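Here is the structure we will look at, set down as structure tokens.
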Amino acid sequence: MTNKELAQLLKNISASYTILGENKFKIIAYDKAAESVEHLTSEVMELWQEGKIYEIPGIGQAIAKHLDELFRTGQSCHFNEVLSKVPSTVFPLLLVPGIGPKKAYRLVQAFHLKDPKTVFEDIKRLIEEHKIAELEGFGEKSEQLILEGIMLYEKGSIKEQRVSLYDADQIAQEVISHMKRHPAVQRVDALGSLRRRVATIGDIDIACVADKPEDVIKHFLRFPHQTIIDQGDHGATIVLHNGRQVDLRVHDRRRYGAMLQYFTGSKHHNIHLRSYAQEQGLSVSEYGVKHVKTGEVRECETEEDLYRALGLPWISPELREDRGEIEVAMQGILPNLIHVDDIKGDLHMHTNYAFPTSHDLGQSHVHDHLSFAHALGYDYIGIADHNPKITGMSAKEIAIIMEQRYAWYQEQYALWKKNTKDASVSLYILCEVDILPDGTLALPVEAFEFVDGAIVSIHSSFRQNKQDMTRRIISALTAHPKVRIYGHPTGRLLLKREGIDADWKEIMRVAKERDIAMEINAYPDRLDLPDLLVRDAINMGVSLCIDTDSHEVHQMEFMRYGVDVARRGWVEPRHVVNTRYRDVFHRWFVKT
DNA sequence: GCCGTTTTCGGCCCGACTGTTTTCAGTCG
């Protein structure tokens, strides 16, 4: 049973309780549990197997007991009983926006809708006959709303179409610079998941401070768009030609901080923050912090004001996921998050050096990479072309190819240094070596003589079972002392491919033991390790290395996205090997 | 039904919007 199915089940229980008129806090409890499960990154089944089901927030004794029965026997008597008290036709209707438990039940009861399979067709027919408007509490508008909801659902547009953080950033930056060109605009910020730097983004929300909202909104609508969805006094929503929705809201300066905080989220962070405020007799909303007894509202111009009003230090948006950040803020021990300026080198890049590679080459010359690194102020870089094709070649032949390659890079490096003023970037000649399905490396041991170090990574057989996969990776990590980095560890491709299934704790234990860095691959399609595993890694004392996996020199700017992931994983500079200056890094790199 | 920096009992986030009402219930984010 997947988390998604489980979350759906819990939602249905909550809806059933709503219909049955249960205690409303019980309903909220099931809703919370459902949402918690939905946003969990580990499988509930697995946590249950490890006896850690209580660690899931919102799941306590009662729900845990039902889940235990469900996982053991495939059934839960209690859940079944609750669900059986509500006509099953209700549940598909809940997926339609605008229809909640009460309305769904009213409809099902009033029209004796018995077949969940045809319920949408039945409702549509009833709307055509204007039967629904006759129902008490419903009207003409309701009919239209329900119809639109069903159409939307059937078109599948409910299924959120997300884009990568990078793509969202491109769009947002264009909109933001467009807005900044208007003289009345004093400040522009991204909101929501974009500001929290989540790996994938739904809608793009932007806020600005401005004097003349009408003019500013008019200016916003001059941004090339397909349709205007909404336009009001304080904002507007448009759909761009690429189908992305962009939402702008205009606010006055006095309450901007409260607004920014509110719309940055996450929802879970805000809920937690509000209950924390409540304990102090305060109430937080997008308008400010209210003293409940006196009713006095403190407007907040900045987010710092708002957090200060609650007795907290400002919390960086990347941390606002309700993963303990409020607790550590209370104690005044928020992490000193890494910044892109802390990075001193990029160890995973591909150049256009032509040789019989097993995967793709890069597009830029190593000189370009060196010069770009120089411009970025880096101390060192690593070139990590893929290992050569191994089929049909002897170990000896591969070693020769690698020897020639090594010599070539050394020559080029000498040449670059000679021709570059103040050249101070060190070059490591690495190789990105495939971890083959059986856990051996795709570079024969003879060839390791001709690399300074190796990044090992998986490029095939992603669907092995957990046990085999774990064994495979550990075997690769321990295959050769020159293995220093485990590249894009989960192999995920955002919005395209799920990551591998592996025992991360075990892998991290080995990485720690061998002092191998786990990579945070900053390539926008990867962002791998994911933020939660990043946090596990630092908690286990595993070192990280943030690399761009550049295949073209300008992609070295992707570093920022890797740093975003790191920040979401609570990473400080000390956790990351490539924040170290040349000599310190070198000692780590060649310690074997 | 969950949960704990005044609590193992007594609370539970906040406000907007919409359509239907004539003061509010339901839904949403």
Side-chain angles (χ1 to χ4, degrees), chain A residues 10-11 13-19 21-37 53-67 78-79 82 93-107 132-146 148-149 152 158 160 191-193 202-203 205 230 232-235 237 247 249 255 258-259 261-290 292 297 306 310-312 322 326-332:
Chain A
L10 292 167
K11 277 187 213 168
I13 299 283
S14 155
S16 304
Y17 277 148
T18 310
I19 292 163
E22 255 289 358
N23 177 318
K24 71 170 170 176
F25 295 111
K26 198 161 157 181
I27 296 166
I28 293 172
Y30 271 93
D31 266 334
K32 272 190 183 163
E35 224 178 307
S36 182
V37 165
I53 200 154
Y54 290 102
E55 288 178 16
I56 304 170
I59 292 191
Q61 250 183 349
I63 297 182
K65 202 187 98 206
H66 301 319
L67 291 184
H78 177 71
F79 288 167
V82 175
L93 284 178
L94 296 176
L95 303 172
V96 175
I99 301 186
K102 300 265 176 100
K103 283 189 187 171
Y105 187 62
R106 284 289 314 275
L107 291 170
I132 289 180
E134 293 168 12
L135 219 56
E136 201 189 327
F138 290 79
E140 295 266 330
K141 283 273 190 177
S142 321
E143 282 190 336
Q144 214 174 336
L145 221 68
I146 292 170
E148 278 167 21
L152 219 59
I158 303 290
E160 44 179 355
L191 302 170
S193 48
D203 289 337
D205 298 322
D230 193 24
D233 297 339
H234 302 288
T237 304
D247 195 272
R249 45 186 75 246
R255 308 199 285 212
M259 180 286 307
Q261 196 287 325
Y262 176 77
F263 286 105
T264 297
S266 70
K267 194 177 165 189
H268 291 276
H269 173 84
N270 285 357
I271 289 174
H272 191 158
L273 195 69
R274 285 166 189 202
S275 40
Y276 171 72
Q278 214 172 34
E279 291 163 17
Q280 308 174 58
L282 300 168
S283 161
V284 180
S285 77
E286 64 247 58
Y287 303 114
V289 179
K290 185 163 82 182
V292 175
V297 178
L306 186 138
L310 304 176
L312 295 174
D322 193 20
I326 292 174
E327 288 83 349
V328 304
M330 276 157 61
Q331 299 167 49

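First the proteins, then the strands, lettered A, B, ... as listed; each starts at 1. These values consider heavy atoms only, across backbone and side chains, with no hydrogens, waters or symmetry-generated copies. Since we're looking at a predicted model, the values are computed, not measured.
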- Message: Can you identify which nucleotide, out of B:dC13, B:dC2, B:dT20, has its nearest atom closest to the A:Gln278 side chain?
- Response: B:dC13

- Query: Rounded to whole angstroms, how far apart are CZ on A:Phe79 and C1' on B:dG1?
  - Reply: 11 Å

Distances under 3.5 Å only, N/O to N/O: pair up the protein atoms with those of nucleotides 3-5 of chain B.
residue : atom : partner : partner atom : Å
B:dC3   : OP1  : A:Gly58 : N            : 2.7

- Verify, without hydrogens or angle tests, whether A:Thr18 (side chain) and A:Ser14 (backbone) share a donor-acceptor contact under 3.5 angstrom. yes

- Comparing nearest nucleotides in DNA chain B, the 5'-proximal residue of the pair A:Gly100, A:Ala62 is A:Ala62

- Task: Nearest 0.5 Å please: distance from the CG atom of A:Asp205 over to the CZ atom of A:Arg249.
- Result: 6.5 Å

- Is a donor on one side and an acceptor on the other found under 3.5 Å between the side chain of A:Thr237 and the backbone of A:Asp230? no

- Item | Nearest-angstrom distance, P atom, B:dC2 to B:dT6 | 24 Å

- Separation of A:Asp247 atom CG from B:dG29 atom P, in whole Å? 13 Å

- Message: Taking the C1' atom in each of B:dG1 and B:dT5, what is the distance between them to the nearest angstrom?
- Response: 23 Å

- Message: Let me confirm one number: the CG-CG distance from A:Asp203 to A:Leu191, rounded to the nearest 0.5 Å.
- Response: 12.0 Å

- With rounding to whole Å, what would you report as the distance between B:dC13 and B:dC3 at their C1' atoms? 15 Å

- State whether A:Tyr287 places a side-chain N or O below 4.0 Å from either non-bridging phosphate oxygen (OP1 or OP2) of B:dA16. yes

- Query: Relative to each other, are the rings of A:Tyr30 and A:Phe79 parallel, tilted or perpendicular (30° and 60° limits)?
  - Reply: perpendicular

- Task: Answer yes or no: are there more than 12 heavy-atom neighbours, outside A:Glu327 itself, under 6.0 Å from its atom CD?
- Result: yes

- Message: Taking the nucleotide of DNA chain B with the nearest heavy atom to each, does A:His272 or A:Gly137 sit closer to the 5' end?
- Response: A:His272

- Query: Is a donor-acceptor pair below 3.5 Å formed from side chain A:Tyr262 to base B:dG29, judging by atom type as modelled?
  - Reply: yes

- Task: Take atom P in B:dG10 and the same atom in B:dC24, then report the distance between them in whole Å.
- Result: 29 Å

- Query: Is A:Arg106 close enough and on-axis enough to A:Phe138, meaning under 6.0 Å and within 45°, for cation-pi?
  - Reply: no

- Using the P atom on both, measure B:dT20 against B:dT27 and round to a whole Å. 14 Å

- Quote, to the nearest angstrom, the P distance that separates B:dA16 from B:dG11. 26 Å

- If we call it a pair only when both distances are under 3.5 Å in a Watson-Crick or G-U wobble match, what pairs with B:dT8? none

- Message: Taking only the C1' atom of each, what is the distance from B:dT22 to B:dC12 in whole angstrom?
- Response: 31 Å

- Task: Have a look at B:dT6 and give me syn or anti from its glycosidic angle (syn if within 90° of zero).
- Result: anti

- Please name the pair of heavy atoms, one in A:Gly288 and one in A:Ala258, separated by the smallest distance, quoted to 0.1 Å. N-CB, 3.6 Å

- Message: Measure NZ/A:Lys11 against P/B:dG1 and give the value in whole Å, please.
- Response: 20 Å

- Query: Using a cut-off of less than 4.0 Å, is there contact between a side-chain N or O of A:Ser283 and OP1 or OP2 of B:dC14?
  - Reply: yes

- Check whether any side-chain nitrogen or oxygen of A:Lys102 sits under 4.0 Å from OP1 or OP2 of B:dG26, and answer yes or no. yes

- Message: Please report the distance, rounded to the nearest Å, between NZ in A:Lys267 and C1' in B:dC28.
- Response: 8 Å

- Query: In whole Å, what separates the C1' atom of B:dG29 from that of B:dT23?
  - Reply: 24 Å

- Task: Starting at atom CZ of A:Phe138, determine the distance to atom C1' of B:dG26, rounded to an integer number of angstrom.
- Result: 10 Å

- Task: Determine: side-chain N/O of A:Ser142 to OP1/OP2 of B:dT18, distance under 4.0 Å, yes or no.
- Result: no

